[in-house]
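First listed ligand is number 1; within each ligand, the first listed atom is number 1.
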Amino acid sequence: MKIGILGAMREEITPILQLIGEYETVEHGKNIYYLAKYSNHELVIAYSKIGKVFASMTATTMIEKFGVEAILFSGVAGAINPRLKIGDLIFATKLAQHDLDITAFGHPYGYVPEGAVFVETDKRLNQIADEVARKSGMRIGRGVIATGDQFIADPERKKWIRETFQADAIEMEGASVGVVCDSFNIPFFVLRAISDSADGNAGEDFDSFLDKSARISGYFIMDMVEAIED
Ligand code: ADE
């Protein structure tokens with residue numbers, strides 16, 4: 001199978017590239033795509049740069065130019081659910097764009113006509129994640145992930161996102177990748193390891209834990225690649 005592995009930041013794909021060791025590179029649209037073979041699969045790996053626009057563009061390129069048949073997102077997130085601690089893994093069952101707002105026209109937050117507030121991830125990939133976690137004795141959570149073009153470091157905004165979307169974690173790319181994959185009917189999976197709690201310390205925590213949490217997520221994604229059958 002041809003699988004796209006997408007991160008937002010260089011740090012989020014570095015552990016994956018280190019594990020793979022050998023790859024070719026193709027530059028396209030100001031991004032570098034790393035092409036590799038791993039565990040009977042062809043991989044297309046890239047980091048998009050931060051935010052929904054860059055992530056949408058990179059996901060679209062993976063599908064339209066490179067022909068990937070599934071996309072796995074690997075990266076870090078802020079915790080919204082108080083049960084999630086730094087280093088914990090969570091995958092999204094569904095995602096919403098918390099900064100999408102045409103409520104002036106009577107629509108709910110996160111909704112635009114012909115879209116939906118939530119985009120759902122692929123059930124089979126989520127099941128594989130649960131199986132991989134069970135086999136390796138790791139804990140993984142599942143929940144709602146909220147996406148927006150804002151780094152959240154504010155208890156009030158965090159509370160609003162939790163209450164409005166029942167979100168468990170917050171990041172800046174997942175829902176946009178989901179919208180792209182849903183449009184092209186490509187199964188997708190979004191994994192995040194917690195780097196901060198989206199509160200007043202979020203900036204410092206993010207800087208301290210980015211590498212470590214990105215590695216936790218990246219290694220898990222590669223275990224999933226091994227578990228995915230053709
Ligand atoms: N990614 C990691 N932490 C985040 C936060 N607090 N807000 C948005 N995206 C994040």
Lys/Arg-Asp/Glu bridge criterion (N-O < 4.0 Å) met for Glu131, Lys135: no

Pair Lys52 + Asp99, salt bridge at N-O below 4.0 Å: yes

Side chains of Glu12 and Ser74, donor plus acceptor under 3.5 Å: no

Residue [X] vicinity, atoms of ligand 1 by number, heavy atom under 4.0 Å:
X: Met172; value: 8 (C), 9 (N)
X: Ala198; value: 6 (N)
X: Ser195; value: 2 (C), 3 (N)

Sub-6.0 Å ring centroid separation between Phe73 and Phe188: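 Not close enough - the centres of the two rings lie 6.0 Å or further apart.
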
Aromatic centroids of Tyr109 and Phe165 separated by under 6.0 Å: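 No: the rings miss the under 6.0 Å criterion.
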
Considering non-hydrogen atoms of the protein only, which is the closest contact for [atom], and what is the distance?
atom: atom 10 (C) of ligand 1; value: Ile170 O, 3.7 Å
atom: atom 3 (N) of ligand 1; value: Asp196 OD2, 2.6 Å
atom: atom 7 (N) of ligand 1; value: Ile152 N, 2.9 Å
atom: atom 4 (C) of ligand 1; value: Phe151 CE1, 3.3 Å

Donor-acceptor under 3.5 Å (Ser176 side chain, Glu173 main chain): yes

Donor-acceptor contact present, side-chain His41 to main-chain Ile228, <3.5 Å: yes

Within-shell test, Gln150 vs ligand 1, heavy atom, strictly < 4.0 Å: yes

Ala77 touching ligand 1 at heavy-atom level, < 4.0 angstrom: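 In this structure, Ala77 qualifies as a contact of ligand 1 - some heavy atom is under 4.0 Å.
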
